[in-house]
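A short worksheet on the structure shown next.
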Amino acid sequence: MRPLTEEETKLVFAKLACYIGRNIQLLIDRKDENYCFRVLGKRVYYVKESIVRAANCIGRDDLLSVGTCFGKFTHNGQFRLQVTCLDYLSQYAKYKVWIKPSSENSFVYGNHVLKAGLGRITDNTPVNQGVIVYTMGDIPLGFGTTAKSTADCRHLDPSAIVVYRQSDVGEYVRNEDDGLFS
């Protein structure tokens, strides 16, 4: 387990900024305890600093996971967020989308959000902006990027895509056998 390099930090923070904007600072400088990002293999973890100090005595081969996995680096060096960071993203989200109960299953099964399933959207959401997808009862289901701005959504036909799904809570079940989280 090691700290992120400068280039890795830029990639991780750029991806997080798409969803939570300047609230990245709130992830690091928390009032309860200091947290940091650490790399283990190709995965990036969000960990309390006290746990990092305690985990230093565990061998590299013996340590499988520590903290909350925020994502991983792909083979070509890009950073991809995983659904395991959804709780933290939803706390600090800048833009949000709420979907109707009739579209929840469709989203959780891996489909994009259509205009017909859109319940509400944060005002002034731009195109290609990272958003957190919620149920109408404010339960986070996943995240994605907007295909259309808030103003454009008002004039779309019901079958048009509003949010491109990137990750959702259904991945826990769909990828259970693939070892997504191991």
Taken to the nearest 0.5 Å, the spacing of H112 NE2 from D168 CG works out to 11.0 Å
NZ (K96) and CG (D138) are apart, to the nearest 0.5 Å, by 7.0 Å
M136 and P101 have their tightest heavy-atom pair at CG-CD, 4.1 Å
**Asked** Under the 3.5 angstrom rule, does the side chain of T84 hit a backbone N or O of C69 as a donor-acceptor pair?
**Response** yes
**Study point:** Ionic contact status for E49 with R30, cut-off 4.0 Å
**Key:** no
*Take atom CD of E33 as the centre, draw a 6.0 Å sphere, and report whether it contains more than 12 heavy atoms from other residues, nucleotides or ligands.*
yes
Is it possible for you to say whether L4 and I24 belong to one hydrophobic cluster, with membership spreading through side-chain heavy-atom contacts below 4.5 Å? yes
Does a side-chain heavy-atom distance below 4.5 Å link E8 with V39? yes
Taken to the nearest 0.5 Å, the spacing of C36 SG from L27 CG works out to 12.0 Å
From the list Y35, F37, F13, Y19, ring-ring contact (aromatic ring centres under 6.0 Å, His included) with F70 holds only for F37
Got V97 and V162 here, is their nearest side-chain heavy-atom distance under 4.5 Å? no
Can you confirm whether more than 12 heavy atoms, excluding those of R22, are under 6.0 Å from its CZ atom? no
**Request:** Answer yes or no: are there more than 12 heavy-atom neighbours, outside D157 itself, under 6.0 Å from its atom CG?
**Result:** yes
Is there a path of hydrophobic side-chain contacts, each under 4.5 Å between heavy atoms of I, L, V, M, F, W or Y residues, that connects V163 with I161? no
Rounded to the nearest 0.5 angstrom, the CD1-CZ distance for I121 and R154 is 9.0 Å
Residues 102-130 vs salt bridge (Lys or Arg N to Asp or Glu O under 4.0 Å), sequence neighbours excluded, gives none
Answer whether the closest heavy-atom distance between the side chains of N124 and T150 falls below 4.5 Å. no
Side chain to side chain contact (heavy atoms under 4.5 Å, CB included) with W98: of L118, T122, I132, only one passes, and it is T122
**Request:** Look at the side-chain heavy atoms of Ile, Leu, Val, Met, Phe, Trp and Tyr, link any pair under 4.5 Å apart, and say whether V52 and I58 land in one connected group.
**Result:** yes
Separation between CG (L16) and OH (Y46), nearest 0.5 Å, reads 10.0 Å
CD (E171) and CZ (R165) are apart, to the nearest 0.5 Å, by 5.5 Å
Of all heavy-atom pairs linking A93 and Y134, the shortest is CB-OH, 4.3 Å
What one should report as the nearest heavy-atom pair of A116 and K100 is O-NZ, 3.3 Å
* Evaluate side chain to side chain contact (heavy atoms under 4.5 Å, CB included) for V66 paired with M1, printing each intermediate quantity in order. => CA-CA 9 Å; V66 60; M1 184 170 55; 3.3 Å; yes
Smallest heavy-atom separation, F73 atom then V12 atom, equals CZ-CG2, 3.8 Å
For K15 and F79, the nearest pair of non-hydrogen atoms, with its separation, is CE-O, 3.2 Å
Scanning both residues in full, the closest heavy-atom pair of T74 with K42 reads O-NZ, 4.2 Å
Exercise for review: For T146 and Q129, indicate whether the former's side chain and the latter's backbone hold a donor-acceptor pair under 3.5 Å.
Suggested key: yes
TODO: Determine, using the 4.5 Å side-chain heavy-atom cutoff (strictly less than), whether L114 and Y164 are members of one ILVMFWY cluster.
DONE: yes
Report yes or no: does T145 contribute a side-chain atom to a donor-acceptor pair with the main-chain N or O of G130 at less than 3.5 Å? no
Next on the checklist: Using the rule that Ile, Leu, Val, Met, Phe, Trp and Tyr join whenever any side-chain heavy atoms are under 4.5 Å apart, tell me whether I28 and I20 fall into a single cluster.
Outcome noted: yes
